[in-house]
Number of protein chains: 2
Amino acid sequence: MSRETAARGRRPKRGRTRQALMDAALDLVAKKAPFSSLSLREVTKRAGVVPTAFYRHFPDMSALGLTLLDESFRTLRQMMREVRQHELPSERMIRGSLETFFTYVRNNRTHFLFVSKELYGGSATMRQAIRREIRLFVSELAMDMARFPFLTQVSAEDLQMMASLVVNGVVALTQEMLELDEDDEAGQHEMLILAEKQVRLIYFGVAQWRSGSDQPASAAMSAE
Amino acid sequence: MSRETAARGRRPKRGRTRQALMDAALDLVAKKAPFSSLSLREVTKRAGVVPTAFYRHFPDMSALGLTLLDESFRTLRQMMREVRQHELPSERMIRGSLETFFTYVRNNRTHFLFVSKELYGGSATMRQAIRREIRLFVSELAMDMARFPFLTQVSAEDLQMMASLVVNGVVALTQEMLELDEDDEAGQHEMLILAEKQVRLIYFGVAQWRSGSDQPASAAMSAE
DNA sequence: CTTTTTAGTCAACACCTGTTCACAAATATT
DNA sequence: AATATTTGTGAACAGGTGTTGACTAAAAAG
């Protein structure tokens, strides 16, 4: 009683409230509205904390949002690193990368859900931050692709465009995957297959980009 | 004073309030938060109407949202029709279609902004409705592509995939274009060029899909 | 152990929210 | 011209909102 007045008492938690607030916000975003329509009180209530406690950790909601964004990006970059160091033979490369990616999506559903909803629905600074991160993602992918045996002849510019095509496709598929039920394994597998198909198509298209005899694409392109 | 108390008096408007409410909501979405975080009072205030007047036209905000969605889709389908009946030679086809599309985006900025933000940030029913419309868009595009001379050999399934790739790309570029300043013509032109480049790449990739000697892509694909 | 700093509670505020109801003006119908 | 219907008004409600300030328990620092 004196040490732990369980129900109403003040639990120490040792700075764990901050994380509780972040988790609460993520939860609410995942199963309710986008972050921008969450209220401070709503978040604190779910975190099991009185409203005013919020200010001990964040100046306002938008600060929470940016922190959440940061946390999500950390996850994303970690995944990127994991994908890159796999170094599979080019045959299994695409499939392997996509598999790790989608596994990450499954295991960090709330993070991806959060980013997904903020990409176009969030505040200006949020959108900007996310798009910056995506651009970075594209650049890294373009660099990786440059080492592909059958892409060595492609210009850096074309690689960049190709990478953004791939990322666009994966982003779109990710968002569709997030719409699926959490344990719809069949649907998720189907998405993986489709993603691989699409990526392969792009790779194949670019690989042939300048190796054809008539080069219709590049010719038409430079005609602007 | 007795007939027309100008400032405070009751203007007839003849059912024009409904449209005023819709326009107000679009305006707010365009320059502020996503639709889901708009308040009824906010909308009525901007429409120059007392809050209770809202209920004369819509049962609640979500009904307004669905109506807005409907209006936006009408715009989109009209554009689709316009693009399809142009019937340009395949050389200029891609460019022409993209030009009409992006012109529509410019001329209906608020509608596209609305749809863009609701695609992932909106309510479940909204997201569902939008994605349904996009799928429809993809199917129509796939049918159009089937008549392309150099795509006649491609299977319907592959065409569908290819079309969704194109639409994904265009959607992504549209969203990026909406981030641009309204009168940044240079940036918008650049987007058009990039879009054409991407679409051409996809077309080219698929056209070569099964015409190569070793067919690496299709072989790898069917190996699932 | 004593002091200081951190991290939580509680009460209160001014404001904004959706929605109701009774009323009146503008328009449509007869 | 008289009546009925639609459409906008104004006051009022119960409740949610962000933020303040003074207070106190718990943890860290001395």
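Quick caveat, the model's predicted, so the values are computed rather than measured. Chain letters run A, B, ... following the sequence lines, proteins first, then strands; residues in each count from 1.
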message: Does Phe54(B) reach a base, just sugar-phosphate, or nothing at all? Heavy atoms under 4.0 Å.
response: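 Here Phe54(B) touches no strand at all.
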
Value in whole Å for how far the [atom2] atom of [N] lies from [atom1] of [X]:
X: Lys45(B); N: dT9(D); atom1: NZ; atom2: C1'; value: 16 Å
X: Met61(A); N: dT19(D); atom1: CE; atom2: P; value: 10 Å
X: Arg16(A); N: dT6(C); atom1: CZ; atom2: P; value: 19 Å
X: Asp60(B); N: dT20(C); atom1: CG; atom2: C1'; value: 16 Å
X: Tyr55(B); N: dT9(D); atom1: OH; atom2: C1'; value: 15 Å
X: Arg56(B); N: dA22(C); atom1: CZ; atom2: C1'; value: 11 Å

message: Pick the closest DNA chain C nucleotide for Val50(A) and for Pro59(B) by heavy atoms, then say which residue is nearer the 5' end.
response: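 The residue whose closest nucleotide sits nearer the 5' end is Val50(A).
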
task: Respond yes when some side-chain nitrogen or oxygen of His57(B) is under 4.0 Å from OP1 or OP2 of dG8(D), and no when none is.
output: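 The answer is yes; a side-chain N or O of His57(B) sits under 4.0 Å from OP1 or OP2.
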
Does a side chain donor of either [X] or [Y] reach within less than 3.5 Å of an acceptor in the other side chain?
X: Ser139(B); Y: Gln160(B); result: yes
X: Thr100(B); Y: Glu82(B); result: no
X: Asp23(B); Y: Gln19(B); result: yes
X: Gln198(B); Y: Ser164(A); result: yes

statement: So, with a heavy-atom separation below 4.0 Å from DNA chain D, the residues of residues 62-70 of chain B are none

message: Can you tell me which nucleotide in dG21(D), dG8(D), dT20(C) comes closest to the side chain of Thr52(A)?
response: dG21(D)

field: Expected output: side-chain Arg109(B) to main-chain Leu178(B) donor-acceptor under 3.5 Å
entry: yes

message: Using modelled atom types and a 3.5 Å cut-off, is there a donor and acceptor pairing between side-chain atoms of Asn108(A) and backbone atoms of Tyr104(A)?
response: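 Yes, the answer is positive, given that a donor and an acceptor are paired below the 3.5 Å cut-off.
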
- prompt: In terms of heavy-atom contacts, does CD of Glu185(A) have more than 12 from other residues, nucleotides or ligands at under 6.0 Å?
  reply: no

message: Set out, in order, the CA-CA distance, both residues' side-chain angles and the distance that settles side-chain contact (heavy atoms from CB on, under 4.5 Å) for Met61(B) and Phe54(B), then state yes or no.
response: CA-CA 9 Å; Met61(B) 281 292 286; Phe54(B) 183 93; 3.9 Å; yes

task: Check DNA chain C against residues 30-41 of chain B and give the residues with a non-hydrogen atom under 4.0 Å, in numerical order.
output: Ser39(B), Leu40(B), Arg41(B)

- prompt: Looking at Pro34(A) and Val29(A), what are the two nearest heavy atoms and their distance?
  reply: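 Smallest heavy-atom distance, with atoms named: C-CG2, 4.4 Å.
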
